[in-house]
Amino acid sequence: MNNLKLEYLGHSVLLIKTNGKNIIVDPFIKENPQCPISLGELPKIDYVLVTHGHSDHIGDTMEISKRDGATVISNFEICEYLESKGAKTHPMHIGGAFSFDFGSVKLTPAFHGSSIKEGENVLYAGMPSGFLIESNGKKIYHAGDTGLSVEMQLLKEEMLDVAFLPIGGNFVMDVKDAIRATSFIMPKIVVPIHYNTWDIIKADAEEFKAKVEEMNIKCTIMKPGEWLEI
Ligand code: NI
Ligand code: MN
């Protein structure tokens with residue numbers, strides 16, 4: 001069995017290599033000040049997972065879908081919008097799971113907003129979500145943008161291998177709440193995301209790491225461009 005490889009590309013962007021497929025979560029590449037690669041350097045993508053409609057998450061989804069013929073997995077509303085622009089999609093919704101050729105995906109609740117700005121118009125983009133991804137015998141949770149929620153307690157029994165949690169505050173959990181979220185989820189490894197991209201989401205990842213390691217949970221602070229193999 002091959003290992004599963006994860007590359008953090010800054011902000012909330014996660015590239016997953018598993019079962020011969022390339023999956024990217026929230027591909028905010030071109031406008032992402034933390035992303036170390038250009039869109040041209042991104043390998044051919046098979047699936048794009050989008051947590052919600054905000055531009056720092058939907059990012060370059062349309063371009064990647066068109067370039068690579070990648071299937072977009074997201075909520076129904078975002079998929080409808082992207083389909084109307086010519087993308088190939090697989091619509092899902094909170095609580096629903098589906099088995100793809102690389103593994104399964106379940107949409108998890110996220111407390112946040114979700115809209116798409118198109119010119120002067122703000123379009124409704126369904127409920128924001130996180131993703132529970134199961135592939136190659138490994139379980140990964142990408143929380144998306146969210147505040148702390150008691151729903152996260154349900155993830156404890158999943159025995160997650162890795163949890164990617166936002167810590168930047170203001171729009172999402174801050175360090176303190178992300179520590180509480182980690183205590184709910186109890187993953188093997190936790191990786192902080194969605195911080196220091198801009199001043200408004202400044203956070204101290206080292207403080208987060210120190211506190212979660214007091215709970216005997218390993219925290220891996222990934223620099224953009226770094227890989228994690230599980
Ligand atoms: Ni957002
Ligand atoms: Mn965001």
Side-chain angles (χ1 to χ4, degrees), residues 9-14 24-35 48-65 72-85 87 89-97 105-133 141-155 163-182 184-185 191-203 208:
L9 292 170
H11 200 55
S12 276
V13 190
L14 190 64
I24 194 162
V25 184
D26 287 354
F28 176 46
I29 308 286
K30 286 201 285 198
E31 309 270 308
N32 179 356
Q34 292 186 335
C35 186
V48 184
L49 275 60
V50 181
T51 60
H52 64 293
H54 294 158
S55 58
D56 58 321
H57 297 264
I58 208 165
D60 306 299
T61 296
M62 206 52 235
E63 211 169 316
I64 295 166
S65 177
V72 182
I73 301 169
S74 190
N75 74 34
F76 183 81
E77 291 79 5
I78 289 174
C79 286
E80 262 204 320
Y81 170 80
L82 294 172
E83 281 268 354
S84 76
K85 305 279 175 198
T89 71
H90 180 105
M92 296 181 69
H93 242 304
I94 311 290
V105 175
K106 185 175 189 177
L107 264 61
T108 58
F111 285 96
H112 195 65
S114 180
S115 58
I116 295 167
K117 214 164 169 239
E118 199 173 51
E120 297 287 292
N121 300 319
V122 176
L123 309 174
Y124 173 66
M127 277 181 68
S129 77
F131 292 111
L132 177 63
I133 303 160
Y141 170 57
H142 185 299
D145 276 2
T146 185
L148 179 68
S149 76
V150 291
E151 279 71 15
M152 289 173 178
Q153 292 176 355
L154 297 171
L155 292 166
F164 291 85
L165 303 182
I167 67 161
N170 192 70
F171 302 109
V172 292
M173 297 187 284
D174 57 12
V175 166
K176 197 175 157 212
D177 278 351
I179 292 163
R180 293 162 78 196
T182 308
F184 288 170
I185 300 166
V191 179
I193 60 170
H194 208 277
Y195 68 101
N196 292 353
T197 319
W198 303 283
D199 280 350
I200 197 166
I201 52 168
K202 243 192 165 85
F208 174 72

Q | Partner set under ring pair (Phe, Tyr, Trp, His ring centres under 6.0 Å) for His54, not counting sequence neighbours | A | His52, His112
Q. Taking C-beta and beyond as the side chain, do Ser129 and Asn75 meet within less than 4.5 Å on heavy atoms?
A. no
Q.
With salt bridge (charged side-chain N to carboxylate O under 4.0 Å, His left out) as the rule and sequence neighbours excluded, what pairs involving residues 108-122 come up?
A. Lys85-Glu118
Q. Below 4.5 Å, heavy atoms only, C-beta onward: do Phe131 and Leu107 meet side chain to side chain?
A. yes
Q. Do the side chains of Thr197 and Asp56 get nearer than 4.5 Å, heavy atoms only?
A. no
Q. Would you call Val191 and Leu14 a side-chain contact if the rule is heavy atoms closer than 4.5 Å?
A. no
Q: Ignoring hydrogens and angles, tell me if any N or O in the side chain of Gln34 forms a donor-acceptor pair with the backbone of Tyr195 under 3.5 Å.
A: yes
(Q) When you measure from the side chain of Ser74 to the backbone of Cys79, do you find a donor-acceptor pair of N or O atoms at a distance under 3.5 Å? (A) no
Q.
So for atom CD, which belongs to Glu83, do other residues, nucleotides or ligands contribute more than 12 heavy atoms lying within a distance under 6.0 Å?
A. yes
Q. Is there a side-chain contact between His11 and Ile201, using heavy atoms and a 4.5 Å cut-off?
A. yes
(Q) Could you tell me if the side chain of Pro27 sits less than 4.5 Å from the side chain of Glu63, heavy atoms only? (A) no
Q | All salt bridge (Lys or Arg N to Asp or Glu O under 4.0 Å) counterparts of Asp177, not counting sequence neighbours | A | Arg180
Q) Any side-chain heavy atom of Lys176 sitting closer than 4.5 Å to one from Leu148? A) no
